[in-house]
Protein chains: 2
Amino acid sequence: MKIAEVSKRYGIPQETLRYYERVNVIPKIARENGIRNFTEDDCIWVQFAKCLRAAGLSVEAIIEYRRLTLIGDSTIEARCELLKSEREKLIDQKRSIDEALELLNYKVSRYEEAVKTGVLSWDKK
Amino acid sequence: MKIAEVSKRYGIPQETLRYYERVNVIPKIARENGIRNFTEDDCIWVQFAKCLRAAGLSVEAIIEYRRLTLIGDSTIEARCELLKSEREKLIDQKRSIDEALELLNYKVSRYEEAVKTGVLSWDKK
DNA sequence: GTATGATTTAAAGTTGACTCCAAGTTAGGT
DNA sequence: ACCTAACTTGGAGTCAACTTTAAATCATAC
């Protein structure tokens with residue numbers, strides 16, 4: 001699979017895919033006549049990276065995880081700890097979002113009331 | 001209230017508070033002999049910014065919201081739309097996090113099994 | 001076989017959000 | 001009055017994560 005297809009399939013710019021390969025977020029892609037040919041296994045890494053990046057994991061964390069997988073079974077515990085640590089961060093982040101959502105919901109409800117009734121009642125909280 | 005106290009109260013570096021003031025994330029703080037004296041109203045903005053930034057809103061979005069509030073009641077609808085749009089983004093972001101959490105939970109459970117049993121069973125998904 | 005479009009590389013540039021620095025006030029304790 | 005700590009400003013620097021550029025090579029339709 002050429003880079004254009006992978007790019008389209010996952011909605012990731014080609015430039016970003018090349019960058020991901022360069023910094024080891026994804027594997028080194030085998031070339032055919034100098035042109036990248038993504039395997040399905042490569043695509044699994046692309047998808048993995050996309051999922052985790054979208055959630056907010058750092059590129060560095062993914063690189064480290066990949067580094068550990070390449071070493072082999074001796075790093076299973078380290079990988080497990082890494083993923084658990086990232087999972088905790090995501091849970092914290094979700095809590096922050098929930099707090100912001102509560103604030104936004106309150107504000108929006110007041111604004112919508114104001115738009116309808118002309119009265120803007122405000123607890124300022 | 002001086003900047004050190006505000007910094008401590010909200011866990012935001014003084015440098016960041018000054019930066020927030022400079023770019024209008026928070027109000028221009030009144031000076032006493034050249035030294036900032038934060039009012040409680042100023043602090044409400046600090047808290048507001050902290051909450052929204054922690055959730056991932058851009059500094060720019062908060063600046064724009066503040067700009068609208070300074071104009072007055074004529075911008076109530078615009079502010080409402082802005083906050084609703086940011087709310088949608090947060091909901092999307094939460095969904096991304098949930099997807100990543102599902103993936104991480106799966107991987108962690110497999111790794112924990114492997115640590116205990118010595119067998120790493122892998123669906124590769 | 002030639003024009004057009006896709007792909008390659010290395011390197012430089014951009015963006016957002018801080019973060020640090022230097023040089024100069026101001027405040028508070030003794 | 002003096003020392004030290006806290007505060008000020010403007011500007012430069014940093015960092016992560018891309019994104020763009022340029023010049024070259026490869027693929028493909030005609």
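From a predicted model like this one, the values you see are computed outputs, not experimental measurements. Convention: sequence-line order gives letters A, B, ...; per-chain numbering from 1.
- Side chain of B/Ser7 to backbone of B/Ile3: no donor-acceptor contact under 3.5 angstrom is found.
- In this entry the distance linking CD of A/Glu21 with C1' of C/dT8 reads 11 Å, nearest Å.
- In this structure, A/Ile12 atom CD1 and D/dA17 atom C1' are separated by 13 Å, rounded to whole Å.
- Relative to the side chain of A/Ile3, the nucleotides D/dT8, C/dC18, C/dT7 differ in distance, and C/dT7 lies closest.
- Nearest-nucleotide positions on DNA chain C for B/Tyr19 and A/Asn37 put A/Asn37 closer to the 5' end.
- Dashed line: the shortest gap from a side-chain N or O of A/Arg36 to OP1 or OP2 of C/dT9 is under 4.0 Å.
- In this structure, B/Glu5 places its CD atom 14 Å from P of D/dA6, rounding to the nearest Å.
- The shortest distance between the side-chain N/O atoms of A/Thr16 and the OP1/OP2 oxygens of D/dT19 is below 4.0 Å.
- Regarding B/Lys28, its NZ atom lies at a distance of 13 Å from the P atom of D/dT8, rounded to whole Å.
- Going from atom CG of B/Leu17 over to atom P of D/dT9 covers 13 Å, rounded to whole Å.
- The existence of a salt bridge linking A/Glu81 and A/Lys84 is confirmed by a sub-4.0 Å separation between a basic side-chain nitrogen and an acidic carboxylate oxygen.
- Distance A/Leu57 CG to D/dA16 C1': 14 Å, rounded to the nearest Å.
- The phosphate of C/dA11 (OP1 or OP2) has no side-chain N or O of A/Arg22 nearer than 4.0 angstrom.
- Mapping B/Gly56 and B/Glu32 onto DNA chain C by nearest heavy atom places B/Gly56 at the nucleotide closer to the 5' end.
- Ranked by how close their nearest DNA chain D nucleotide is to the 5' end, A/Ile35 and A/Pro13 are led by A/Pro13.
- At a threshold of 4.0 Å, the pair B/Glu21-B/Arg18 does not count as salt-bridged, since none of the basic side-chain nitrogens sits closer than that to a carboxylate oxygen.
- Residue B/Gln14 places at least one side-chain N or O closer than 4.0 Å to OP1 or OP2 of D/dC7.
- Proximity of B/Asn33 to the phosphate of C/dT25: no side-chain N or O atom is located under 4.0 Å from OP1 or OP2.
- Ion pair A/Arg95/A/Asp98 not flagged as a salt bridge, since none of the NZ, NE, NH1 or NH2 atoms sits closer than 4.0 Å to an Asp/Glu carboxylate oxygen.
- Within the structure, every side-chain polar atom (N or O) of B/Tyr20 is placed at least 4.0 Å from both OP1 and OP2 of C/dA17.
- Rounded to whole Å, atom P of C/dA27 lies 13 Å from atom CZ of B/Arg31.
- Put simply, A/Arg53 has a side-chain N or O that comes within less than 4.0 Å of OP1 or OP2 on D/dC18.
- With distances taken from any side-chain atom of A/Ser58 to the nucleotides D/dA17, D/dC18, C/dT19, the minimum falls on D/dA17.
- For the pair A/Lys107 and B/Tyr65, the cation does not sit on the ring face, since its NZ or CZ is not both under 6.0 Å from the ring centre and inside 45° of the axis.
- Closest to the B/Lys2 side chain, of the nucleotides C/dT8, D/dT8, D/dC7, is D/dC7.
- A salt bridge links A/Lys89 with A/Glu86: the closest approach of a Lys/Arg side-chain nitrogen to an acidic carboxylate oxygen falls below 4.0 angstrom.
- Looking at heavy-atom distances under 4.0 Å, A/Arg18 makes contact with a base.
- Between A/Glu15 atom CD and C/dA12 atom P the separation is 18 Å, expressed in whole Å.
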